[in-house]
Amino acid sequence: MSKRKESEKIIALTQRQMLIKRINIWYGRELGDAQNPYSTQKTVALREIIDNSIDAIRKSGEKGKIKITFNEDYSVECYDSGGGIPTAIGKTSDGQPASSVFLALGVMNAGSNYTNESGSSLGTNGVGGSGSQLLSEYTRVEVYRDKKKYSLDFKDGNPGIFDNKGNFEPISDLTYLKVEKDDRPADEKKEFPSGTKILIKLNDDNFKSKYPFNADDLIERMRGVAFLVPSLTIEIINHLNKLEDGTSQKELFQFDGGVSQLLEYNTNDRIIDIISLNKESTFEEETMDVSSNKAIKTTIEKEIGVDFAFTYCNDYEYEVDSYVNTIKTRLNGFHVDAFEKAFVKVFNDKFRSIRCGLLKSDEDPIFEDFAEGLHVVISAKIAEPEFTNQIKEELGGKKALREFTKLYTDVLEEWVNQNKNLDDVRKIADKVVTASKNRIKAREAQQIKREKARLERSSSMPEKLIDCEITHSPDSELFIVEGDSALGGLKSSRDSRLQALLPLRGKAINVLKSTNKKVLANAEIQSIIKCLDAGVGVDFDLEKARYQRVIIATDADPDGSNIAMLVLVIFYKLFPAMVEQGRLYKACTPLFIVKEGKEVHYCYNDEEYENLLIRLRAKNAKFTVTRAKGLGETGAKVLHETGMNPETRTIQRITIGDIE
């Protein structure tokens with residue numbers, strides 16, 4: 001055996017030593033720093049004591065009160081009117097007799113939540129209250145029940161009793177409780193007929209942070225809890241916060257309105273009324289029964305419920321205030337994921353069944369679109385919640401995700417399908433569909449930008465471009481030509497100094513019916529982008545364009561007009577400034593060429609042709625007619641005169657009226 005191995009030691013730690021050594025496991029990573037001078041771990045430790053009192057009131061099912069006092073020496077007193085911690089004699093895990101008060105606050109992993117009950121509780125691991133006590137300088141416990149006062153104190157994790165002078169006497173008999181007559185004043189007895197009072201002062205030496213706990217955070221949490229538990233009154237006395245008149249901050253929280261009232265408190269400038277919904281159910285899940293000192297898989301029926309409220313405000317924020325069994329879950333979790341999933345599905349299904357600006361060809365809005373201006377309060381309850389860590393800021397559990405999704409879906413479907421709610425549904429649709437279209441537009445702009453960058457990296461012009469000598473001039477023109485057949489006549493009739501030609505192969509893509517990705521992948525579109533060399537979409541810069549005019553040259557028949565319209569739309573969407581500033585034209589080449597002796601008449605449509613025939617026949621004129629089936633059959637001379645020579649041609653400027 002090497003010297004290194006011989007020197008290794010196996011060390012057994014007490015519960016308290018383990019808690020201090022690995023405090024992050026139970027109380028999370030310490031986040032306190034100079035910018036946020038409060039210890040998050042100390043705040044969690046005190047929250048555990050308060051949560052036990054909240055649980056006591058909730059379990060009683062009756063009205064109750066909690067009084068929390070923050071003292072100037074940073075000790076905290078939590079006094080509740082619950083049934084009081086049980087005082088009967090129980091046993092430790094190794095069979096040693098002990099009072100239930102000692103088990104509740106002196107032993108980690110001891111509590112009332114290991115019995116496979118189906119109800120919801122704040123406590124899950126039996127670590128919270130006892131862990132806080134083990135990290136304290138002292139903890140003083142008073143239980144009021146059966147007209148008696150039961151006392152047990154702790155100092156540095158050891159049980160005992162403080163005398164009237166503050167001297168601590170440790171005890172070895174774990175069943176011991178100091179029992180006295182309940183001699184409290186009558187008004188105090190009336191306010192707290194039974195219950196538990198705990199005074200605790202955390203030991204700074206047991207924590208990594210030098211900063212104190214955050215009383216404001218705890219007070220704000222208590223405000224939220226008071227909204228969720230209408231039967232609960234919470235009184236706060238904060239001696240750490242002195243007001244201008246020298247008195248201490250005092251708060252009294254009692255609210256009857258539940259989640260809808262909490263959401264009202266959280267929001268303003270709402271565009272729809274607050275919608276409050278709830279639903280409860282049960283589901284079966286496997287758990288481990290350890291009551292017989294063996295691990296036995298068993299199936300229990302668990303209660304599950306959602307109580308939530310939502311509204312839309314005239315802003316772009318998404319704010320969710322979420323709770324599980326009244327514990328604030330700052331990192332949310334599966335109860336919020338389930339809400340978002342159900343919300344999107346239910347409303348998208350409804351949007352498809354009503355007229356709300358969502359076309360059949362439009363893609364469904366995603367949660368990002370629904371989130372703009374959405375404000376939510378979620379209070380979920382579930383037996384044996386699977387929090388992702390001891391500080392209970394995020395809910396896990398795949399089974400819980402499925403069950404919560406079912407609840408949200410059922411109750412939301414019922415709401416959206418009631419006719420009385422249709423106005424609100426339409427208001428939501430208007431906001432969501434607008435957000436969706438704006439997102440898609442922004443995404444397309446980004447795609448265009450990326451494609452533009454890719455195309456700009458390629459400096460070569462398209463092979464089929466017949467370029468001109470002078471570019472970037474006010475007189476430079478690019479003719480977009482229908483097919484290769486017309487190219488010959490236009491090439492021989494053009495002014496090669498200023499007129500460039502780009503033939504399109506086949507029918508142009510319909511950019512209004514195609515995805516941006518498909519449009520930008522189109523070879524003909526890429527050729528136009530390269531030829532203009534001035535960007536795409538909102539980034540298109542007309543002044544940088546190689547050609548300052550673009551002329552669409554297509555056959556004069558209906559098919560040619562259809563192709564011209566598709567090209568026009570390409571420019572409207574991808575090169576808008578070219579249209580907006582009147583630089584896009586349509587060449588007007590004749591459909592019929594009528595020769596009357598030496599005189600030539602050009603007819604650009606059937607109506608002109610019929611009127612000309614009437615006049616010629618009326619004077620018994622002799623004439624010949626050539627129908628120009630396409631640009632390729634029109635002839636170079638006619639193309640030059642009617643479509644290319646600025647002195648004689650007719651071109652039609654494309655203008656935009658009211659865009660909306």
Side-chain angles (χ1 to χ4, degrees), residues 466 475 477-496 498-510 512 524 549-572 578-579 582-658:
I466 299 174
D475 296 319
E477 299 177 342
L478 174 67
F479 282 76
I480 306 288
V481 183
E482 178 188 351
D484 291 332
S485 61
L487 203 58
L490 288 169
K491 185 176 179 181
S492 59
S493 62
R494 71 176 181 137
D495 180 348
S496 61
L498 294 167
Q499 294 176 328
L501 307 175
L502 178 67
L504 291 183
R505 300 181 190 278
K507 195 173 182 181
I509 187 172
N510 188 335
L512 295 181
E524 307 301 311
R549 279 192 294 270
V550 172
I551 300 170
I552 303 168
T554 59
D555 293 346
D557 60 9
D559 282 344
S561 296
N562 186 25
I563 292 171
M565 184 59 67
L566 291 172
V567 175
L568 186 159
V569 175
I570 289 172
F571 276 82
Y572 174 68
M578 186 71 73
V579 184
R583 307 287 185 88
L584 181 67
Y585 298 84
K586 166 78 168 63
C588 298
T589 53
L591 184 61
F592 296 95
I593 305 167
V594 181
K595 290 185 178 180
E596 181 193 0
K598 294 183 179 180
E599 189 177 359
V600 180
H601 304 280
Y602 298 121
C603 299
Y604 292 91
N605 53 55
D606 289 325
E607 185 179 356
E608 286 185 8
Y609 175 60
E610 293 296 334
N611 290 335
L612 177 63
L613 290 185
I614 292 171
R615 293 199 310 272
L616 292 176
R617 285 168 180 164
K619 63 179 184 178
N620 295 317
K622 293 183 178 180
F623 59 89
T624 60
V625 178
T626 302
R627 189 185 190 284
K629 295 180 181 178
L631 290 177
E633 300 166 2
T634 304
K637 182 180 178 183
V638 174
L639 286 176
H640 176 74
E641 184 178 348
T642 62
M644 304 202 80
N645 183 358
E647 301 294 331
T648 59
R649 72 185 179 187
T650 301
I651 56 175
Q652 185 178 30
R653 173 178 280 162
I654 308 300
T655 60
I656 300 179
D658 187 332

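Note that the coordinates shown come from a computational prediction; the quantities given were computed from them, not determined experimentally.
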Atom pair CZ/CD of Arg494 and Glu477 - distance to nearest 0.5 Å: 11.5 Å
Pairwise distance OG1(Thr589) to CD1(Ile651) - rounded to 0.5 angstrom: 12.5 Å
Tyr604 versus Pro590, closest heavy-atom pair with distance: CE2-N, 3.6 Å
Trace of the side-chain contact (heavy atoms from CB on, under 4.5 Å) decision for Leu612 with Glu608: CA-CA 6 Å; Leu612 177 63; Glu608 286 185 8; over 6 Å; no
pair Leu584-Tyr572: side-chain heavy atoms closer than 4.5 Å: no
Minimum-distance pair of heavy atoms, taken over all atoms of Met644 and Ser493: SD-OG, 3.3 Å
Approximate separation, where rounding is to 0.5 Å, of Phe623 CZ and Arg617 CZ: 5.0 Å
Test item: Glu524 side-chain N/O and Leu504 main-chain N/O as donor-acceptor pair under 3.5 Å: no
Approximate separation, where rounding is to 0.5 Å, of Asn620 CG and Lys622 NZ: 10.5 Å
Ring-face cation contact, Tyr585 with Arg653, 6.0 Å cut, 45° max: no
Pair Tyr602-Glu641, side-chain donor/acceptor within less than 3.5 Å: yes
Sub-4.5 Å side-chain heavy-atom contact between Ile654 and Met578: no
Heavy-atom side-chain proximity of Lys595 to Val600 below 4.5 angstrom: yes
For the student: nearest non-hydrogen atoms of Ala564 and Thr554, plus distance: CB-OG1, 3.6 Å
Any donor-acceptor N/O pair, Gln499 side chain to Asp495 backbone, under 3.5 Å: yes
Residues in ring pair (Phe, Tyr, Trp, His ring centres under 6.0 Å) contact with Phe571, at least two apart in sequence or another chain: Phe575
Intermediate values then yes/no, side-chain contact (heavy atoms from CB on, under 4.5 Å), Arg549 and Asp475: CA-CA 7 Å; Arg549 279 192 294 270; Asp475 296 319; 3.9 Å; yes
Salt-bridge contact Glu596-Arg615 (side-chain N to carboxylate O under 4.0 Å): no
From OG1 (Thr626) to CG (Leu591), nearest 0.5 Å: 11.5 Å
Approximate separation, where rounding is to 0.5 Å, of Leu568 CG and Ser561 OG: 11.5 Å
